[in-house]
Every structure is written in structure tokens, then in C-alpha cells.
Number of protein chains: 4
Amino acid sequence: MIKKEKITDKKSALLQATLTLVNNHGFHNTPMSKIAKLAGVSPATIYLYFENKQDLINTLYLEVKESFSVCAFEGYHEEMSVKKGFELIWFNIANYKLNQINEATFLSQCDNSPMIDEAIRIEGLKHLQPLLNLWEKGKKEGIIKPLSDYILYAFTIYPLSFLLEMQDRDIYTLNENVKTKTFQAAWDAIRM
Amino acid sequence: MIKKEKITDKKSALLQATLTLVNNHGFHNTPMSKIAKLAGVSPATIYLYFENKQDLINTLYLEVKESFSVCAFEGYHEEMSVKKGFELIWFNIANYKLNQINEATFLSQCDNSPMIDEAIRIEGLKHLQPLLNLWEKGKKEGIIKPLSDYILYAFTIYPLSFLLEMQDRDIYTLNENVKTKTFQAAWDAIRM
Amino acid sequence: MIKKEKITDKKSALLQATLTLVNNHGFHNTPMSKIAKLAGVSPATIYLYFENKQDLINTLYLEVKESFSVCAFEGYHEEMSVKKGFELIWFNIANYKLNQINEATFLSQCDNSPMIDEAIRIEGLKHLQPLLNLWEKGKKEGIIKPLSDYILYAFTIYPLSFLLEMQDRDIYTLNENVKTKTFQAAWDAIRM
Amino acid sequence: MIKKEKITDKKSALLQATLTLVNNHGFHNTPMSKIAKLAGVSPATIYLYFENKQDLINTLYLEVKESFSVCAFEGYHEEMSVKKGFELIWFNIANYKLNQINEATFLSQCDNSPMIDEAIRIEGLKHLQPLLNLWEKGKKEGIIKPLSDYILYAFTIYPLSFLLEMQDRDIYTLNENVKTKTFQAAWDAIRM
DNA sequence: AATGAATGAGAGTTCATTCAT
DNA sequence: TATGAATGAACTCTCATTCAT
């Protein structure tokens with residue numbers, strides 16, 4: 001029992017260290033040696049838990065993406081109305097991005113660079129399916145504009161990445177009041 | 001005169017080579033030696049025109065950003081109505097992003113990574129001033145929602161980066177008809 | 001008793017694994033971890049039976065060399081005539097090299113590389129003493145050319161290593177008929 | 001001109017250093033860093049002249065093999081009688097192996113290990129063709145035993161490798177007189 | 001006796017940058 | 001101005017060996 005916990009300890013210490021360092025310096029400016037040092041292990045130890053640097057990043061990506069998805073759809077069920085459902089999901093995502101800053105920043109970096117293997121990236125995309133289903137329903141009901149999912153995503157969820165980045169750089173911070181107004185913009189963009 | 005042209009030749013050959021290589025392989029997978037080879041010069045020559053790799057990237061970034069700005073505001077003058085002005089600028093930017101794919105991809109890469117020095121990035125932002133002025137006017141006239149410029153940007157211009165990336169990866173392509181509908185989404189997001 | 005057998009079990013499993021792996025991948029491409037895995041034990045266990053990698057190899061070398069010697073002189077007794085005795089030993093060795101391919105290949109590899117400690121190598125040579133005695137007798141009787149044992153060895157036994165290697169690489173295989181003719185060559189080389 | 005000589009200088013210094021170190025410590029105990037040090041250059045410089053360690057070894061192998069072939073067939077022409085031709089070649093090779101000890105030892109090591117790529121090894125074999133032709137002629141004339149070239153090689157040329165090794169280890173040295181007698185053994189092995 | 005986890009030392013290789021010409 | 005040659009520093013990754021259990 002103690003043993004297993006310890007193992008998990010080291011593996012997650014490594015993942016955590018990677019998250020921090022990649023966020024602050026980028027993938028290519030994060031040598032394995034620094035990850036090891038921050039995690040408090042020897043560089044060689046990394047290779048007990050991960051095949052190589054790419055595998056380490058991929059694993060971290062999928063793990064964070066998973067935690068993101070869980071947050072994104074928390075409290076959501078398919079019987080909800082389109083608007084209510086979308087509102088719930090949007091705020092879930094917004095809160096994740098603006099509160100879990102480290103994780104969100106990391107996902108942003110990954111999604112905007114060839115740092116993650118294409119196959120892994122695609123695997124990570126599956127998590128959004130419920131949102132796509134919701135949009136489908138909304139389009140059928142004439143509530144949402146008949147646009148490609150890519151466009152709907154681009155004008156509702158993707159903008160949050162920009163706001164996250166602004167917040168991360170201490171340029172601009174959203175408070176709760178503004179967040180509600182921002183949701184209105186997102187909803188106006190895609191509603192009929 | 002001839003001499004100066006020649007110099008310019010080499011410098012811009014280097015910038016062009018950098019653009020191509022960074023786009024295709026990323027900043028850290030683009031060694032100076034390859035840039036030199038593609039530009040047809042010796043690695044040492046790069047250092048006659050640029051201080052170091054970072055300076056080369058910064059210079060390229062500012063140059064491309066400048067060309068982007070010129071496009072963005074082509075045909076625009078401050079007497080235009082808010083809606084007309086915004087429409088013009090939005091389509092200018094959309095066309096730039098979807099047609100000048102190389103330049104746009106490069107800007108996207110830079111804006112989404114710590115590859116560009118913060119100071120330089122801020123300098124690049126100044127170019128958008130006319131758009132910010134337009135929004136200011138729109139807000140005063142009650143045409144545009146009273147939101148921070150960052151939010152307005154996030155929900156109108158920034159989404160184009162996502163669509164550019166989709167197009168770049170051959171996942172989704174916008175035709176003219178859809179582009180018009182997409183503009184509608186952007187406008188709906190920020191109009192009162 | 002059971003205990004001792006078990007120990008022997010593990011030790012010989014390790015030796016066997018080493019033989020296989022070194023034959024297939026060479027000394028330096030055979031990590032201790034792979035030896036352990038193939039033998040079904042932990043890497044640390046190796047060090048209960050052997051001081052280090054070098055000791056493991058040395059031990060294996062001497063063991064195989066011993067089995068080789070047993071084969072080489074099977075059925076031989078000093079009362080035999082020089083020719084008969086030499087013929088017996090030569091065929092014994094030839095059959096060993098061409099049939100016990102794994103062991104023979106391993107010996108060949110060891111003998112042709114600085115992989116084995118010099119002291120150990122010399123110890124392994126002692127096993128050939130009966131053959132050297134036979135040659136001594138042959139020289140005295142005027143049946144065998146008065147050449148150094150090194151030369152006699154070089155032109156009778158050593159060539160078999162080359163043929164073994166050819167066979168190992170599927171380049172050339174000796175059948176029984178050719179083997180007899182080959183013995184004739186060996187004998188002609190050293191007989192008066 | 002000076003420049004080209006310098007280039008050749010460094011490349012051949014590297015090849016020479018490799019020869020020495022591989023001879024003394026084996027391929028896998030010869031790190032690139034030591035090769036560089038012995039050649040008086042930086043490790044990175046090696047990669048200006050060779051693709052990687054394997055390429056360095058391959059190049060050296062082919063170069064030495066070439067010099068060996070030149071020696072082996074010096075003074076030989078196809079009009080010679082079988083015996084005279086064989087004698088010439090055999091002594092050429094013997095002298096090479098016993099005098100150019102470094103080169104010969106290196107070739108021996110390469111030929112007896114998977115250190116050289118198979119394709120390169122095959123390329124190196126072509127050099128022996130004149131000897132094979134000579135044997136063919138000898139077999140037709142009924143002067144040489146009708147045995148496979150592999151066997152003829154094993155009992156005439158290959159034994160020299162053993163003697164070379166003995167000499168290299170200061171165990172046994174051939175003088176001119178003995179060398180002649182040794183030739184007799186080689187010739188007796190394959191003549192009718 | 002036996003182990004899985006852990007590691008320090010070192011391997012091959014790359015690259016931004018410099019220097020002699 | 002322009003260069004090809006050269007390099008020191010740093011990278012990722014491997015492995016013989018050890019240690020706590």
C-alpha cells in the first residue's frame with residue numbers, strides 16, 4: 001500500500017514538475033534534467049515511468065485533458081434545454097480556464113503547437129462530444145445558427161483561451177460580473 | 001545603391017527562409033544552419049544582419065505584423081460608420097489569415113508561445129490601435145457592447161486564428177458564403 | 001540439497017541467458033537488465049551470484065570452454081597413433097563447432113575480442129594440453145612438421161572458426177562429405 | 001591548397017585516432033570524446049567529417065581494407081603460374097599482417113564482430129576477387145584441391161589472423177625462416 | 001536469498017555562436 | 001562584406017550497480 005502510493009507520488013511529482021516548467025519556459029526549454037530536479041529525483045528515474053520526453057508530455061496532456069473534460073461537463077445531463085446546457089458547459093469551461101490556470105495554460109500551449117503527437121491530440125478531442133451533440137440538437141431546434149461545429153467552437157470556447165492568456169500575463173482579469181456579460185457575447189455569437 | 005539592394009536581398013532571403021522553416025518545423029526545430037542553407041548563405045552571415053537567433057525571430061515577427069496591419073486597415077478611414085468599418089477590417093483580417101497562410105500561421109505560432117520576447121510582442125500590438133479606436137466609438141454610440149477591448153478582440157478576431165489552424169491542417173475550409181455567415185457571428189457577439 | 005539445486009538453477013539460468021543474448025547482440029548490447037529478464041530474475045539477483053558483468057562473462061567463458069574441452073577429447077586416449085588421435089580430436093572439435101553452434105559462436109566471439117580478461121583467456125587455453133602433447137609426439141616421430149604449436153593450431157583448428165562463422169551467417173554449410181575433405185586439408189597442412 | 005591539406009589532416013587524424021583506440025579498447029569502449037581528444041579536436045568536429053560513429057568506423061574499415069588490398073596484390077599479374085601467384089599473394093598478406101600490425105589488427109577485429117554494417121563488409125570482400133580467380137584457375141588445372149573458396153581461405157589466409165594476434169600479444173613471433181615454412185603448410189593444405 | 005526502485009556517470013549527438021581568413 | 005571550419009555547452013537517454021525492504 002505504502003509502496004504503491006510512493007510510486008504514484010513520484011510519477012505525479014514528475015507530471016506536476018513538467019506542467020510547471022513547460023508552462024513557464026515551453027517544451028523545448030524544459031530539459032529532462034530540470035524536470036527531474038524539480039520533482040526531486042534523478043534524471044534516470046523519469047525513464048522508469050515514461051518512455052521518453054514525448055511520452056511524458058503526451059501522458060500529461062491526456063491527463064490534464066481528462067480533468068478538463070470532467071470539469072467541463074460537471075452537472076450536465078442531456079435532458080437540459082439547449083441554452084441551459086450550453087450555459088452550464090460554458091461557465092464550467094470558463095471557470096476551469098480562469099481558475100485552474102496552470103492546467104488551462106498548459107492545454108492552450110499544447111493545442112497551439114506541434115508539441116503533441118497528432119494521434120494523441122485527436123484522442124483528446126473526443127472528450128468534447130457532448131457539447132457537439134448539444135449543438136446538433138440546438139441547430140435542429142432552430143435555436144443555434146446552422147454553422148459548422150468548428151465555427152461555433154471558435155466563437156464561444158476558443159475565445160476563453162485568449163482571455164486566459166491575458167489573465168496569465170496579468171494584463172486583464174475577469175470578475176464574475178464581467179464573466180456573465182462575456183457569456184452573453186458567446187451566446188449572441190451563435191444563437192439564431 | 002546596388003550594394004544596398006544586395007544587402008537587403010540577403011537579409012530578406014534570411015527572413016523568408018526563417019518564415020518557411022519555423023512554420024514547417026517550429027522555432028526549436030529550425031537550426032540556424034538550415035536557415036542559412038535555405039537562404040543560400042553561410043551561417044556566419046546571419047550574424048552580420050542579426051544579433052542572434054532571438055533577434056532574427058523578433059525582426060521577422062515585427063515585419064510580418066506590420067504587413068498584417070497594412071492589410072487589416074486597407075481601405076479603412078475613420079469617417080466610416082462603426083459597422084461598415086468593423087466589417088471592412090474583419091474581412092481584411094479574415095482574408096489575410098485565410099489567404100496569406102504562411103504569414104498568418106507564423107503570427108499565430110508566435111502569439112501562442114513564449115518564442116517572442118514580451119517587449120516585442122507588446123510593440124506588435126500597437127498596430128491594432130485603429131480598431132480599438134473604432135470600438136471606442138462604437139461603445140460611445142451604443143452600437144457595441146460596453147466590454148473590454150480584450151473581450152471584443154477575443155470574440156471577433158481571435159476566433160479566426162482557430163479557423164486558420166483548422167484550414168492549415170486541412171480539417172475545415174471556409175468558402176465565401178460561410179465567411180459571410182461567420183462575420184455575422186462575430187458581429188452578433190459584440191453588437192448591442 | 002533442494003536449496004543448492006535452486007541456487008544452481010538461477011545461476012545457470014543466468015549463464016544461459018547471457019550466452020543467448022551475447023551471441024545475438026554482442027557483449028555491449030546486452031544489458032544486465034535484459035539478462036535478468038530473460039533469466040526470470042531481478043537485476044539485483046545477478047550480483048548475488050556474480051561480482052559484476054565481467055565476472056559473469058568470465059565464468060560463462062570458462063564453463064563453455066570446459067564443455068568444449070570435454071567434447072574435444074571424447075574417446076581420446078594417449079595410446080592412439082598420432083594420425084588417429086589427431087583425426088579423432090579434429091572431428092570432435094569440428095562437430096562441436098558446427099553442431100553446438102551457440103556455444104561455439106560464443107567462444108569465437110570471446111576469443112576475438114578484448115571482452116575476456118587476459119588472465120581468464122590463458123586459463124582457458126590449458127584445456128588443449130592433450131592436443132599439444134599429441135603434436136609433440138608427432139613431431140618426435142617425424143610425422144608432423146616441426147612447427148610451433150601456434151602454427152599447427154592456426155592451420156588445423158583455427159580455420160574451423162571461420163567455417164563456423166560462415167555457417168552462422170548462412171553463407172556456407174559443410175556436409176559430412178566435405179567435412180572429410182576438409183580434414184584432409186588440415187592434415188596435409190601439418191603432416192610431413 | 002593549404003586549406004584542403006588541413007581538411008585532410010583533421011579527417012585522417014580522426015581516422016588514425018579511431019584505429020588506435022578501437023584496437024586497444026574495442027569499439028564500444030571507445031567513446032567519441034576520446035577519439036576527439038586523441039585527434040586534438042572537439043567532439044563536435046567529428047560530425048563535420050562523419051555522419052555518426054558507425055559511419056566513422058565504416059569509413060575507416062573501407063580505407064584500411066583498401067590499403068590492405070593494394071598490398072595483397074602488389075606485383076601480382078594474372079599471367080603468373082598458380083603456385084607463384086599464390087606464393088606472392090600469401091607473402092604479401094603475411095607481411096602486411098605481421099608488419100602493419102595496427103591496420104591488420106583492426107581488420108581482424110572488424111571481420112570478427114558485428115561492429116561493421118553487413119553491407120559495408122560485403123563491399124570490403126570484393127577486393128579479394130583476384131585471389132578467388134587464381135584459385136579457380138588452380139582448380140581447373142588440377143593443382144589445387146576442388147574445395148569451396150571458403151575452405152581454401154580458411155586454411156591459407158585466415159590462419160594468419162591467429163598468428164597476428166599471437167604476435168600482437170607478444171606470445172609468438174615469426175621470423176623469415178619460419179614464415180617460409182609456414183607458407184609451406186598453407187600450400188600443402190590446399191595443393192593436390 | 002531476493003527484489004524493484006533508484007541513480008550517477010557517461011554515452012552519442014546537436015546547435016547557436018565565433019573566429020581566422 | 002562574407003565565409004567554412006570549429007567548438008563548448010547542453011541535450012536526451014542508457015546502464016551497471018546499489019539500496020531499502
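In what follows, every chain begins at residue 1, and chains take the letters A, B, ... in the order their sequences are listed. Excluded from the calculations below are hydrogen atoms, water molecules and symmetry mates; all remaining heavy atoms, backbone and side chain alike, are included. Keep in mind the model is a prediction, meaning the values are calculated, not measured.
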Check your understanding: More than 12 foreign heavy atoms under 6.0 Å from CD of D:Glu66: is that the case here?
Key ->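 Atom CD in D:Glu66 is crowded, with more than 12 foreign heavy atoms closer than 6.0 Å.
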
Review point. Crowded around A:Gln54 CD? As in, over 12 foreign heavy atoms under 6.0 Å?
Key: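 Yes, enclosed.
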
For atom [atom1] of [X] and atom [atom2] of [N], their distance in whole Å:
X	N	atom1	atom2	value
D:Tyr47	F:dC11	OH	P	17 Å
A:Asp9	E:dA5	CG	P	14 Å
A:Leu48	F:dC15	CG	P	13 Å
B:Lys53	E:dA16	NZ	C1'	8 Å
A:Leu56	F:dT12	CG	P	11 Å
C:Leu14	E:dA1	CG	P	15 Å
C:Ile46	E:dA1	CD1	C1'	15 Å
A:Ile35	F:dC13	CD1	C1'	13 Å

Given [N], is OP1 or OP2 found less than 4.0 Å from the side-chain N or O atoms of [X]?
X	N	answer
A:Tyr49	E:dA6	yes
B:Lys10	F:dA2	yes
D:Thr45	F:dT7	yes

Practice item. List in numerical order all residues of residues 18-34 of chain C for which some heavy atom is under 4.0 Å away from an atom belonging to DNA chain E. Key: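 Within residues 18-34 of chain C, no residue comes under 4.0 Å of DNA chain E.
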
Review point. Taking the six-membered ring of A:Phe27, is NZ or CZ of A:Lys53 closer than 6.0 Å to its centre and within 45° of its axis?
Key: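 The answer is yes, since A:Lys53 meets both limits relative to A:Phe27.
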
**Study point:** Residue closer to the 5' end of DNA chain E, C:Ser42 versus B:Ser42 (nearest nucleotide)
**Key:**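 The residue closer to the strand's 5' end, by nearest nucleotide, is C:Ser42.
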
Review point. Any side-chain heavy-atom pair from A:Phe50 and A:Leu15 closer than 4.5 angstrom?
Key: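 Answer yes - side chains close enough.
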
Point to revise | Side chain proximity check, A:Asn52 to A:Leu56, heavy atoms < 4.5 angstrom | key: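 A:Asn52 vs A:Leu56: side chains apart.
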
Review point. Which residue lies toward the 5' end of DNA chain F, D:Ala44 or B:Val41, if each is placed at its nearest nucleotide?
Key: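 Result of the comparison: B:Val41.
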
Check your understanding: Between the side chains of C:Asp111 and C:Tyr61, does any donor sit under 3.5 Å from an acceptor?
Key ->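 Yes, side-chain donor-acceptor contact under 3.5 Å.
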
Exercise for review: Keeping the roles fixed (side chain from C:Asn23, backbone from C:Asn102), state whether a donor-acceptor pair exists under 3.5 Å.
Suggested key: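 Indeed, once roles are kept as given, a pair shorter than 3.5 Å links the two residues.
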
Review point. Using Watson-Crick pairs (N1 to N3, plus N6-O4 or O6-N4) and G-U wobble pairs, both distances under 3.5 Å, which stems of at least 3 pairs involve DNA chain E?
Key: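 The stems are E:2-21 with F:2-21.
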
**Study point:** Note: C:Glu123-C:Lys65 ion pair, threshold 4.0 Å (strictly below)
**Key:**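 Looking at C:Glu123 and C:Lys65, the cut-off is not met.
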
Practice item. Looking only at non-hydrogen atoms, find the nearest pair between C:Gln109 and C:Val22 and report the distance. Key: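 Smallest interatomic distance, heavy atoms only, reads NE2-O, 3.1 Å.
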
